[in-house]
Amino acid sequence: METAPAEPTDISEELRSEWEGEQDKLKTKLVLENCEPWQSKLEEGLQYVGGVDLSFVKGDDVNACSSLVVTSYPDLKVVYEDCCHIQLTAPYIPGFLAFREVPFLVESFERLKKKNPELMPQVVLVDGNGILHPKEFGLACHLGIILDIPTVGVAKKLFQVDGLEKNAEHADKVKQLAKGGDTFPLIGASGRILGKALRSSDNTENPVYVSIGHKISLETAVCLVHQCCKYRIPEPIRQADIKSREYLRRLFPEQNSQDEKT
DNA sequence: GCGACAG
DNA sequence: ATCTTGTCGC
C-alpha cells in the first residue's frame with residue numbers, strides 16, 4: 001500500500017511541468033517577423049511550400065501516419081510527398097500538441113533533406129496554431145524553431161485562449177467576412193494580435209485561424225495561406241492530409257468499416 | 001469548483 | 001484526431 005498507483009492526473013501534471021519548461025526555453029528563440037527576401041514579394045522568390053499533417057487509425061491511439069508534402073508555388077502542384085507509419089507515445093494534452101507530433105515531423109524533414117534536399121520548402125504550413133496558443137507557443141512555433149525554418153499555424157477551430165471565445169460577437173465577425181481573403185484580427189486579453197481569422201475562399205463560410213509560427217510576419221503569413229487555398233484548407237496541408245489517410249487505409253484495411261468484436 | 005480545450 | 005448519409009449546387 002506504499003505504492004499508490006499513479007493516477008493519470010499525476011502523470012499529466014508531471015508532463016505538464018516538464019513540457020512547460022521546455023516551451024519556455026524554446027520560446028526564447030522565437031522570431032515573429034519576416035527574415036528572408038522572398039517574404040516581401042511571394043511571386044518573385046517563393047518556390048516551395050511545405051505542409052505537414054498526422055492522421056490516425058480509428059479506434060487506435062498508437063498507430064498513425066506522419067505526412068509531409070511539398071508543393072510548388074504559386075501553382076500548388078505536389079512535387080514531393082512522404083508518408084510514414086508511426087507509433088505515438090505522448091498523449092494529447094491541449095496546449096502541448098507539439099510534444100506529441102514534432103518528433104515525427106522532424107524525422108520527415110530529415111528524410112527530405114537526405115533524399116531531395118533541393119525540394120526543401122522555404123516555409124511550412126502546419127495544421128495547428130502558432131502563437132495563437134495559451135503560452136503563445138503552439139505546434140507551428142515549436143516545429144519552426146527545431147527546424148529553424150519559417151512556419152505558419154493554420155487551425156480549423158479557434159483555440160480558446162487569452163480571452164478569445166467563439167461567442168456571438170465572434171460569430172458576427174465571421175458573418176461579415178464576405179469573400180476569400182477577408183480577415184479580422186484575433187486580439188487576446190493581452191491586447192496583442194495573436195492571429196487572424198481568414199476566409200480562405202469565396203466558397204467557404206468557416207474561416208481558418210492563421211498565426212505566426214516562426215520567422216514570418218502575420219501579414220505575410222495570412223497572404224501566403226490565402227494564396228495557397230483552392231479550398232478551405234491550404235493545399236500543402238490538405239494534400240498531406242489526403243496522402244496520410246490513403247496510406248493508413250492501405251496499411252489497416254480492416255479498420256475501415258465498423259467491425260466491433262462481440 | 002466548473003467549464004474550455006489545436007490535433 | 002475519427003465516424004456517417006444525405007443533400008445542396010455547379
Side-chain angles (χ1 to χ4, degrees), chain A residues 8-9 12-13 15-16 19-20 23 51-68 83 85-105 108 124-144 151-167 170 186 188-189 194-198 201-214 221 225 230-234 237-238 240-249 251-260:
Chain A
T9 55
S12 294
E13 291 310 312
L15 281 177
R16 295 182 89 96
W19 288 350
E20 282 176 357
Q23 290 182 325
V52 292
D53 184 51
L54 261 64
S55 285
F56 305 77
V57 176
K58 185 170 60 174
D60 190 329
D61 43 48
V62 172
N63 292 294
C65 174
S66 175
S67 170
L68 164 62
C83 284
H85 172 24
I86 63 172
Q87 300 202 300
L88 298 162
T89 54
Y92 166 63
I93 298 178
F96 301 93
L97 179 62
F99 295 90
R100 181 168 160 82
E101 307 193 344
V102 161
F104 303 105
L105 298 180
S108 297
V124 180
L125 303 186
V126 180
D127 70 310
N129 295 296
I131 65 172
L132 178 48
H133 175 277
K135 302 272 179 22
E136 296 190 6
F137 195 74
L139 173 60
C141 301
H142 198 128
L143 182 65
T151 55
V152 176
V154 182
K156 296 182 287 295
K157 300 174 192 171
L158 177 63
F159 196 176
Q160 189 85 36
V161 48
D162 197 27
L164 292 172
E165 17 179 359
K166 51 175 185 178
N167 50 26
H170 180 271
L186 300 168
L194 301 180
K196 284 191 175 180
L198 164 73
S201 78
D202 292 333
N203 315 295
T204 51
E205 280 279 305
N206 288 314
V208 288
Y209 301 92
V210 181
S211 59
I212 293 175
H214 185 50
V225 170
K230 289 163 72 174
Y231 305 101
R232 186 166 91 107
I233 306 303
I237 293 178
R238 182 170 164 272
D241 178 66
I242 292 173
K243 306 299 184 191
S244 60
R245 290 198 197 194
E246 287 177 348
Y247 184 88
L248 286 182
R249 240 183 8 177
L251 200 54
F252 299 92
E254 313 305 287
Q255 289 9 309
N256 284 322
S257 282
Q258 46 158 321
D259 288 307
E260 195 62 67

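Computed over heavy atoms, backbone and side chain alike; hydrogens, waters and symmetry mates excluded.
Atom CZ of residue A/Phe104 and atom OG1 of residue A/Thr89 lie 5.5 Å apart, to the nearest 0.5 angstrom. Taken to the nearest 0.5 Å, the NE2 atom of A/His142 stands 10.5 Å off from the CG atom of A/Leu97. We find the OG-CG distance between A/Ser211 and A/Leu194 to be 8.0 Å, quoted to the nearest 0.5 Å. The line from NE2 of A/His85 to CG of A/Asn63 is 4.5 Å long, rounded to the nearest 0.5 Å.
Atom CD of A/Gln87 is separated from atom P of C/dA1 by 21 Å (rounded to the nearest Å). Here B/dA4 presents its P atom at 20 Å from NZ of A/Lys135, a figure rounded to the nearest Å. A straight line from CG of A/Asp162 to C1' of B/dA4 spans 14 Å, rounded to a whole angstrom. Distance CZ (A/Phe104) to P (C/dA1): 18 Å, rounded to an integer number of Å. Rounded to whole angstrom, the span from the CG atom of A/Asp202 across to the P atom of C/dC10 amounts to 14 Å. Nucleotide B/dG3 holds its P atom 22 Å from the CG atom of A/Leu164, rounded to whole Å. The distance from atom CG of A/Asn203 to atom P of C/dC8 is 18 Å, rounded to the nearest whole Å.
Distance alone, capped at 3.5 Å, is enough to place a donor-acceptor pair between the A/Thr151 side chain and the A/His214 backbone. At least one donor-acceptor pair closer than 3.5 Å links the side chain of A/Arg232 to the backbone N or O of A/Pro207.
Within a 6.0 Å radius of CD in A/Glu205, no more than 12 heavy atoms belonging to other residues, nucleotides or ligands are found.
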Protein N or O to nucleotides 5-7 of chain B N or O, pairs below 3.5 Å:
{"unit_1": "B/dA6", "atom_1": "OP2", "unit_2": "A/Tyr92", "atom_2": "OH", "d": "3.2"}
{"unit_1": "B/dA6", "atom_1": "O4'", "unit_2": "A/Asn129", "atom_2": "ND2", "d": "3.3"}
{"unit_1": "B/dA6", "atom_1": "N7", "unit_2": "A/Gly95", "atom_2": "N", "d": "3.2"}
{"unit_1": "B/dA6", "atom_1": "N6", "unit_2": "A/Gly95", "atom_2": "O", "d": "3.2"}
{"unit_1": "B/dA6", "atom_1": "N6", "unit_2": "A/Phe96", "atom_2": "N", "d": "3.2"}
{"unit_1": "B/dA6", "atom_1": "N6", "unit_2": "A/Leu97", "atom_2": "N", "d": "3.0"}
{"unit_1": "B/dA6", "atom_1": "N6", "unit_2": "A/His133", "atom_2": "NE2", "d": "3.4"}
{"unit_1": "B/dA6", "atom_1": "N1", "unit_2": "A/Leu139", "atom_2": "N", "d": "3.1"}
{"unit_1": "B/dA6", "atom_1": "N3", "unit_2": "A/Asn129", "atom_2": "N", "d": "3.1"}
{"unit_1": "B/dA6", "atom_1": "N3", "unit_2": "A/Asn129", "atom_2": "ND2", "d": "3.4"}
{"unit_1": "B/dG7", "atom_1": "OP1", "unit_2": "A/Lys156", "atom_2": "N", "d": "2.9"}
{"unit_1": "B/dG7", "atom_1": "O3'", "unit_2": "A/Asp127", "atom_2": "OD2", "d": "2.6"}

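Using the six-membered ring where Trp is involved, A/Phe159 and A/His133 have ring planes that are perpendicular, over 60° apart on the 30 and 60° scheme. Taking the six-membered ring where the residue is Trp, A/Trp19 and A/Phe99 present parallel rings, their angle staying beneath 30° rather than reaching 60°.
Partner of A/Leu186 under the side chain to side chain contact (heavy atoms under 4.5 Å, CB included) criterion, out of A/Val210, A/Leu132, A/Asp162: A/Leu132 alone. For the side chain to side chain contact (heavy atoms under 4.5 Å, CB included) criterion with A/Val52, the lone passing option out of A/Asp241, A/Val124, A/Ile237, A/Leu139 is A/Val124.
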Each base of DNA chain B marked ( ) or [ ] if paired in-strand (Watson-Crick or G-U under 3.5 Å), | if paired to another strand and . if unpaired gives .......

Per-residue pairing states of DNA chain C in dot-bracket (Watson-Crick or G-U under 3.5 Å; . unpaired, | other strand) read ..........

